[in-house]
Each structure stands twice: as structure tokens, then as C-alpha cells.
Amino acid sequence: MKAIAVAPGAGVPEVVERPVPEPSPGEALVRICRVGVDGTDYEVIEGSHGGVPDGDDRLVLGHEAVGIVEDANGTPLEEGQYVVPTVRRPPPGVETNEYFERGEPDMAPEGEYVERGIVGAHGFMAEYVTSPADCLVPIPTELAPLGFLVEPISITEKAIEHARATRSAFDWRPESALVLGTGSLGLLTAAMFTETLEYDRVYCLGRKDRPHPTIDIVERLGATYIDSRETLVSEIATAYEPMDVVYEATGYAKHAFESIDALAPNGVAALLGVPGDWEFEVEGGRLHRELVLHNKSLVGSVNSNRRHFEAAIDTLSALPDWALAEIVSGVYGLSELDRAFPEATAPVATPGPGSTAGSDDDTTIKTAVEFEDI
Ligand code: NAP
Ligand code: BGC
Ligand code: ZN
């Protein structure tokens, strides 16, 4: 069968031949239809995040998938049913651990999990994959064409759950919310903020010139676009308004600290980005004081569990069709890898961590690779 793999650091993914996997007891065989591409895939392709399984020289990519159960293999799944796989699995040679037993693999520390398509385990960009049946979440047929969005939406379901949990000890009524980043995670989150979470006032920070499809999406959602080249995150509270919620999806490390100033008293910032190493100065004393004296919270959040996937399926069904159609800028077959991964094939020098320059590919928002038409 065909799969899409990368030797980390190689800079470009390639089509490889792999044997069709055999499901073990408790596993089902899934025929993959579509797999989304996100910022993490580019980090894996560049070699700044993730890693190949032990003993292998390439990693099969893909962690945002939707497929069809081909062989239920005696599990409770139904053959022909569309499913979305979760990402984390126990490390090789370990059947389970306390985090997986509790259904909370997203809370497992490093070393207690692998992530399919990201670190230590092959991903879903292949014609067939096997997976434990309890890691395959059924999805209604009508949602299957965009089923690859369930995983990234589940990331925000988890992050917002944790953000709210930090504010659960008092009567918190968030009205204003700021999303940092107009990549696929940022835009999906902006759509959730306006359409399902229904914050009264939503802002979204990017670094694109008008006209741009991402700005159009932000504004059609009824949110306000803020250009990071004109307004620093630390200036947003005075230039616009203090935010009850900040959701960082840029991976730009200064934003973690600047978010403290963007927050309103009693607000919470969820940090999602995975930056590389970068040393810079912060006003440590003032920021520490700001967090304490205004009851502000910062919460990091990674991955998601089956419960978040189930919530994400409901959210996907509630998001407006036009927004999803605009966010998914292209679905490409195996013969069009350069279009599925436009940033990986572009021969550009990687900007340093402090760069405020955007990417060269300027209109792609989210792509997916198609193995089988839905
Ligand atoms: P992405 O498509 O690369 O989006 C990142 C966006 O942030 C891009 O649009 C980029 O702009 C923008 N950006 C970067 N620095 C900026 C700055 N200084 N000012 C304004 N905008 C800036 O990635 P993604 O898939 O949306 O994911 C976003 C981040 O979350 C990544 O770091 C990813 O690794 C991380 N992530 C984490 C989790 C988790 O579980 N914690 C899950 C998914 C993703 P340009 O387009 O101009 O470069
Ligand atoms: C994935 C998560 C994963 C995280 C860190 C994200 O892109 O969506 O499932 O935990 O990267 O590797
Ligand atoms: Zn991801």
C-alpha cells in the first residue's frame, strides 16, 4: 500500500510502499479516506518536533484522519462505519498505563505515550491503518468529508475545558476572547468562539495584508482582525479591550508572556503553540505581580482524549458550512503532494524564532491528503 512518510529533517514528505497492516486482537483495520495537515506536521517534517519509531528511518505522517472500518476483527465497530482515530497510544511494549486506563492519555507525561504520525509511532497517512477499536471514534456519514477536522477541534475542546476549569471556583462570565494566530487551529478556534461558545466579542491576531482569505473568514465570523505588525499582544488590552480569554495558536513564544497583559482581571490564557528554543527577556517581576494581583491564569494544553473527540464531532456539526469550506483550502491526492504540503516544498530559508515574517505560501489555510473519495 501507499503511505506518506518523511525522514525527519528531510524537509519534504514522500510516497513510500508499506505492507498492509494486520489487525491484532482488539484492533480494527481502517481504510483511510482523508488526512489533514497542520502546523505540527511541518514541525515534524522540519525535524523540530516529534521523531521516528525506534528502529525506523522514516515516519509515516498524519494525525488528523477519517477512514472507514474495513475489518472490524471481532471488535464492537461496524464494517463500513466512518471513524476518526485518536492520536496517543502507550509506548512500544507497554500495553497500557494509568493515563490510558483512566481514558486520559492527553495528560500522560513524556515517555508514557507515543503520538501517531508525530512521535514514536507511524501515523495515518496510509491507505490502511490498524488501531485499537477504543481509539476509533465513530462519526456520522454526513460529517465524514470533513472528519479530519475532528482532531484539531478536539484540541480546542480540551484547552477550553482546562481554561474554564481554572475559573470554576467563582462566577466567571467571559465576554471577550482573543485568538492568537490565523493558521488552521486559530481559525477553527475563532469559529468555535463566535459560533458555538458564543463569546460576545471575539478578536483574532494575524500578520497578513488585506485582502486575505484568513482576514475575510475572521471578519465574516463577526470577529475583529488585529495585525500583530501594528499592535503588540501586550498592547491589545488598551488598543481594543482587556480579554477574558486568550487562546495562543501561533507558537510565537513571546505571545505566552504578552498574553498576561492582554488579559482582563480574572481572565485565562490557554497556550497551545509548540515553539523551539528561544531566549529573550521578560519583565518577570511585573508579569508575576500582574498574574497574582489580578487573579489571572495561564494554562498549557496539549493533545485531547476520546471525550474531546466526541464533543468535537458535535461542534463540527454546528459550525457553519461556509466557514469550514473556507478554512479547508484544498484536498489533494497522492500525486499532488506539493499542493498538499505547499510549505514543505517551498525552497525557503527557515526564519529564526524571533522572526515576525509570515510564510511565503500566502493563501493556503488547511489542506488534506485524500486516499479515498468520500
Ligand atoms: P500554523 O498553521 O503554522 O499556524 C500558526 C499561525 O500563527 C500562522 O498563521 C502564523 O502566521 C501565525 N503566527 C506566527 N507568529 C505570529 C506572529 N508573531 N504574529 C501573528 N501571527 C503569527 O499552525 P496550526 O496548525 O494552526 O497550529 C498553531 C500552533 O499550535 C503550532 O505551534 C502547533 O504546533 C500548535 N499545536 C498545538 C497543539 C496542542 O495540542 N498543543 C495542537 C495543534 C497545534 P504565518 O501564516 O504568517 O506564518
Ligand atoms: C496534535 C496533538 C499533539 C500535539 C503535540 C498537535 O498538532 O494535534 O494531538 O499532542 O501536536 O505533538
Ligand atoms: Zn495537530
Side-chain angles (χ1 to χ4, degrees), residues 35-46 48-51 61-65 85-89 105-108 110 113-121 123-124 148-159 162 178-190 204-209 212-215 218 225-233 236 247-256 258 270-276 278 299-305 308-309 312 327 329 342-343 348 350-351 353-367:
V35 188
V37 176
D38 77 350
T40 302
D41 293 304
Y42 286 105
E43 290 161 12
V44 171
I45 291 167
E46 286 159 18
S48 64
H49 181 58
L61 288 168
H63 61 279
E64 303 178 347
T86 61
V87 175
R88 286 197 173 175
R89 302 287 181 271
D106 55 311
M107 300 310 289
E110 219 173 299
Y113 65 83
V114 293
E115 289 183 340
R116 295 201 58 173
I118 301 175
V119 60
F124 307 125
F148 58 89
L149 296 178
V150 168
E151 198 276 346
I153 292 172
S154 77
I155 296 295
T156 301
E157 300 284 356
K158 171 184 171 173
H162 282 248
L178 167 66
V179 177
L180 305 179
T182 52
S184 53
L185 187 62
L187 289 175
L188 283 170
T189 300
C204 198
L205 177 106
R207 53 180 179 186
K208 304 293 190 201
D209 293 325
H212 196 275
T214 57
I215 303 175
V218 168
Y225 178 70
I226 302 175
D227 190 323
S228 70
R229 297 164 301 180
E230 291 164 9
T231 311
L232 292 176
V233 171
I236 288 176
Y247 183 100
E248 178 274 318
T250 55
Y252 185 76
K254 284 189 177 175
H255 287 166
E258 294 180 355
L271 309 179
L272 279 291
V274 183
W278 181 19
V299 58
S301 181
V302 69
N303 195 248
S304 53
N305 65 44
H308 304 119
F309 275 65
I327 290 170
S329 47
E343 289 180 46
V348 290
T350 312
S355 166
T356 51
S359 56
D360 277 10
D361 174 67
D362 220 37
T363 50
T364 300
I365 302 174
K366 183 164 198 77
T367 60

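Residue numbers count from 1 along this sequence. Ligands are counted one by one from 1 in listed order, and the atoms in each one are counted from 1 as well.
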Tell me the contacting part of Glu64 for ligand 2: side chain, backbone, both, or neither, using a 4.0 Å heavy-atom threshold, strictly below. neither
Quick one: does ligand 2 sit under 4.0 Å from the side chain of Asp106, the backbone, both or neither, non-hydrogen atoms only? neither
Which ligand 2 atoms does [X] reach within 4.0 Å, using its non-hydrogen atoms?
{"X": "Ile118", "result": "1 (C), 3 (C), 11 (O), 12 (O)"}
{"X": "His49", "result": "5 (C), 12 (O)"}
{"X": "Ile155", "result": "2 (C), 8 (O), 9 (O)"}
{"X": "Val302", "result": "4 (C), 5 (C), 10 (O)"}

Using a strict 4.0 Å cut-off to heavy atoms of Ser228, name the atoms of ligand 1 that fall inside it. 17 (C), 19 (N), 20 (C)
Provide the number and element of each atom of ligand 1 under 4.0 Å from a heavy atom of His255. 17 (C), 18 (N), 19 (N)
Which heavy-atom pair separates [X] from [Y] by the least distance, and what is that distance?
{"X": "Pro275", "Y": "Gly273", "answer": "CD-O, 3.3 Å"}
{"X": "Lys208", "Y": "Tyr225", "answer": "N-OH, 2.8 Å"}
{"X": "Ile327", "Y": "Ile365", "answer": "O-CB, 3.3 Å"}
{"X": "Leu272", "Y": "Ala159", "answer": "CD2-CB, 3.8 Å"}
{"X": "Gly186", "Y": "Val179", "answer": "O-CG1, 3.4 Å"}
{"X": "Thr364", "Y": "Pro342", "answer": "OG1-CG, 3.6 Å"}

Would you kindly specify which portion of [X] sits under 4.0 Å from ligand 1, judged on non-hydrogen atoms: side chain, backbone, both or neither?
{"X": "Thr214", "value": "neither"}
{"X": "Ser304", "value": "neither"}
{"X": "Ser184", "value": "both"}

Are Asn303 and Thr86 side-chain neighbours, meaning at least one heavy-atom pair lies under 4.5 Å? no
Given side chains that start at C-beta, do those of Phe124 and Phe148 come closer than 4.5 Å, heavy atoms only? no
Would you please say whether a donor-acceptor pair under 3.5 Å links the side chains of Glu248 and Thr250? yes
Based purely on interatomic distance, does Gly206 place a nitrogen or oxygen under 3.5 Å from a nitrogen or oxygen of ligand 1? no
Any N or O of Tyr252 closer than 3.5 Å to N or O of ligand 1: no
Which residue holds the protein heavy atom closest to [atom], what is that atom called, and what is the gap in Å?
{"atom": "atom 11 (O) of ligand 2", "value": "Thr40 OG1, 3.4 Å"}
{"atom": "atom 10 (O) of ligand 2", "value": "Glu115 OE2, 2.6 Å"}
{"atom": "atom 2 (C) of ligand 2", "value": "Glu151 OE2, 3.6 Å"}

Checking Lys158 against Asp106 for the salt bridge (charged side-chain N to carboxylate O under 4.0 Å, His left out) test, could you report, in this order, the C-alpha distance in whole Å, the side-chain angles of both residues, the deciding distance, and whether it holds? CA-CA 9 Å; Lys158 171 184 171 173; Asp106 55 311; 3.0 Å; yes
Option nearest [atom] (shortest heavy-atom distance, choices [options]):
{"atom": "atom 46 (O) of ligand 1", "options": "Lys208, Glu43, Lys366, Arg207", "answer": "Lys208"}
{"atom": "atom 27 (O) of ligand 1", "options": "Leu185, Val302, Val274, Leu188", "answer": "Leu185"}
{"atom": "atom 5 (C) of ligand 1", "options": "Gly181, Gly251, Gly39, Ala249", "answer": "Ala249"}

Donor-acceptor under 3.5 Å (Arg116 side chain, Ala121 main chain): no
Thr182/Cys204 under side chain to side chain contact (heavy atoms under 4.5 Å, CB included): CA gap, chis, key distance, verdict: CA-CA 7 Å; Thr182 52; Cys204 198; 3.7 Å; yes
Start with the C-alpha gap between Val274 and Glu43, add the side-chain angles, then the distance that decides, and say whether side chain to side chain contact (heavy atoms under 4.5 Å, CB included) holds. CA-CA 9 Å; Val274 183; Glu43 290 161 12; 4.0 Å; yes
Near the Zn ion (ligand 3), meaning under 2.8 Å, the protein N/O/S atoms are Asp38 OD2, His63 NE2
side-chain contact (heavy atoms from CB on, under 4.5 Å) test vs Ile226 passes for just one of Leu180, Leu178, Leu232, Val218, namely Leu178
I'd like to know if Glu230 pairs up with Arg207 as an ion pair, taking the criterion as any Lys NZ or Arg NE/NH1/NH2 lying under 4.0 Å from an Asp or Glu carboxylate oxygen. no
